[in-house]
Amino acid sequence: MAIAYLGLGTNIGNKRRNMITAAALLAERVGDILALSGFYETEPWGFESENFFLNAAVKLKTSFSPLELLRITQRIEKELGRAEKSSGVYHDRIIDIDILLYEDEVLQIPELTLPHPLMHERKFVMEPLAEIAPFVVHPVLKERIIDLKERL
């Protein structure tokens, strides 16, 4: 079993329901949710939109590998109505599920980079993550999540 941290985000539709449904599907299909942060309302990052986001972080225990976890989260996104993942151009989305950390794994393959390469630059990721994992150490930067968040 592995511990993974995921970031959740939504900025269209019934945002609270999108987040709760995504968390419920993760619990049903991926593993035990050990912690769920509060929901944080944030401005869009990387694009213009009138729609603010709700963001959260999830800590879960899973028996799936990182790639299996990625495929499951992508299926959940599609089921909830997400048409496609962003490929450098960001846009409004009904749900976004990102793998932030998977144990202390460092991975860089075309489908997935671990830890998430931009997480430490994004306050909307680091605030909810610091709520549930303040003393977890980023496996590349070798700093605690709380310290990375405080620098933003």
Side-chain angles (χ1 to χ4, degrees), residues 1-46 49 51-87 90-140 144-146 148-149:
M1 297 297 264
I3 299 295
Y5 293 90
L6 309 181
L8 306 179
T10 176
N11 79 325
I12 54 176
N14 184 327
K15 295 180 244 183
R16 288 189 69 75
R17 184 173 50 213
N18 296 345
M19 298 289 270
I20 291 165
T21 302
L25 290 171
L26 288 167
E28 179 183 301
R29 298 179 188 175
V30 175
D32 294 334
I33 291 184
L34 304 177
L36 173 63
S37 74
F39 294 166
Y40 292 74
E41 188 173 64
T42 62
E43 292 185 13
W45 185 92
S49 177
N51 304 312
F52 276 59
F53 275 82
L54 275 188
N55 294 98
V58 175
K59 175 183 181 181
L60 52 83
K61 184 189 281 190
T62 185
S63 60
F64 293 107
S65 72
L67 275 177
E68 291 169 327
L69 179 57
L70 176 66
R71 289 185 189 14
I72 294 166
T73 61
Q74 289 174 337
R75 276 197 301 275
I76 291 171
E77 289 175 334
K78 283 185 178 138
E79 285 177 33
L80 293 180
R82 179 128 187 220
E84 59 187 73
K85 277 297 243 190
S86 302
S87 57
Y90 299 105
H91 48 80
D92 291 327
R93 61 207 71 151
I94 204 157
I95 195 69
D96 186 32
I97 305 171
D98 289 328
I99 303 171
L100 304 175
L101 299 164
Y102 184 98
E103 293 286 328
D104 291 331
E105 189 141 347
V106 177
L107 178 69
Q108 191 162 2
I109 57 175
E111 304 88 48
L112 181 62
T113 300
L114 291 174
H116 189 287
L118 298 174
M119 64 183 273
H120 62 285
E121 298 175 10
R122 297 174 170 176
K123 190 173 182 181
F124 66 88
V125 171
M126 298 305 289
E127 279 192 332
L129 184 60
E131 179 187 324
I132 64 170
F135 304 116
V136 169
V137 175
H138 189 290
V140 172
R144 299 180 312 167
I145 297 302
I146 190 75
L148 291 168
K149 182 203 88 146

List the steps, then state whether side-chain contact (heavy atoms from CB on, under 4.5 Å) holds for Phe53 with Glu43. CA-CA 6 Å; Phe53 275 82; Glu43 292 185 13; over 6 Å; no
Run Thr62 and Met1 through side-chain contact (heavy atoms from CB on, under 4.5 Å) and show every step you take. CA-CA 5 Å; Thr62 185; Met1 297 297 264; over 6 Å; no
Decide yes or no on side-chain contact (heavy atoms from CB on, under 4.5 Å) for Lys15 and Phe39, but give the supporting numbers first. CA-CA 10 Å; Lys15 295 180 244 183; Phe39 294 166; over 6 Å; no
One pair to check against side-chain contact (heavy atoms from CB on, under 4.5 Å): Thr10 and Leu80. What are the steps and the verdict? CA-CA 11 Å; Thr10 176; Leu80 293 180; over 6 Å; no
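Between Ile12 and Arg93, every side-chain heavy-atom pair lies at or beyond the 4.5 Å cut-off. Counting only heavy atoms from C-beta outward, the side chains of Leu26 and Thr73 approach each other to under 4.5 Å. Using a 4.5 Å cut-off on side-chain heavy atoms (C-beta onward), Leu69 and Leu112 make no contact. Residues Gln74 and Leu70 form a side-chain contact, since some pair of their non-hydrogen atoms from C-beta on lies under 4.5 Å apart. Between Leu67 and Ile109 the shortest side-chain heavy-atom distance falls below 4.5 Å. Using a 4.5 Å heavy-atom cutoff, the side chains of Lys149 and Leu129 are not in contact. At a threshold of 4.5 Å between non-hydrogen side-chain atoms, the residues Thr42 and Lys123 do not count as touching.
Expressed to the nearest 0.5 Å, how far CG of Asp32 lies from NZ of Lys59 amounts to 12.0 Å. Note that CG of Leu101 and CG of Leu114 are 8.0 Å apart. Values are rounded to the nearest 0.5 Å. Expressed to the nearest 0.5 Å, how far CD of Glu28 lies from CD1 of Ile33 amounts to 11.0 Å. Within the model, atoms CG of Asn18 and CD1 of Ile94 stand 5.0 Å from one another, a figure rounded to the nearest 0.5 Å. The CD atom of Glu77 sits 11.0 Å away from atom CD of Glu79, with the distance rounded to the nearest 0.5 Å. With rounding to the nearest 0.5 Å, the separation of CG in Leu54 from CZ in Arg16 is 7.0 Å.
For the pair Glu127 (side chain) and Tyr40 (backbone), a donor-acceptor distance under 3.5 Å is absent. Counting only distance, with no hydrogens or angles, the side chain of Asn11 and the backbone of Asn51 share a donor-acceptor pair below 3.5 Å. Of the possible donor and acceptor atoms, one in the side chain of Ser37 sits under 3.5 Å from a partner among the backbone N and O of Ala57. Distance alone, capped at 3.5 Å, is enough to place a donor-acceptor pair between the Glu68 side chain and the Ser65 backbone. Distance alone, capped at 3.5 Å, places no donor-acceptor pair between the Glu41 side chain and the Phe52 backbone.
The shortest non-hydrogen separation linking Ile97 to Ala22 is CD1-CB, 4.4 Å. Between Val140 and Pro115, the shortest heavy-atom distance links the atoms CG2-CD, 3.7 Å. Taking each heavy atom of Glu103 and Ala2 in turn, the nearest pair found is OE2-CA, 3.0 Å. The minimum heavy-atom distance linking Pro139 with Val106 is given by the pair CB-CG2, 4.0 Å. Taking every heavy atom of both residues into account, Gly38 and Glu131 meet most closely at N-OE2, 3.0 Å. Between His120 and Met126, the closest heavy-atom pair is CA-SD, 3.8 Å.
Under a cut-off of 6.0 angstrom, the local environment of CZ in Arg29 is crowded, with over 12 non-hydrogen atoms contributed by other residues, nucleotides or ligands.
Of the listed residues (Ile99, Asp98, Val125), just one forms a side-chain contact (heavy atoms from CB on, under 4.5 Å) with Met119, and that residue is Val125.
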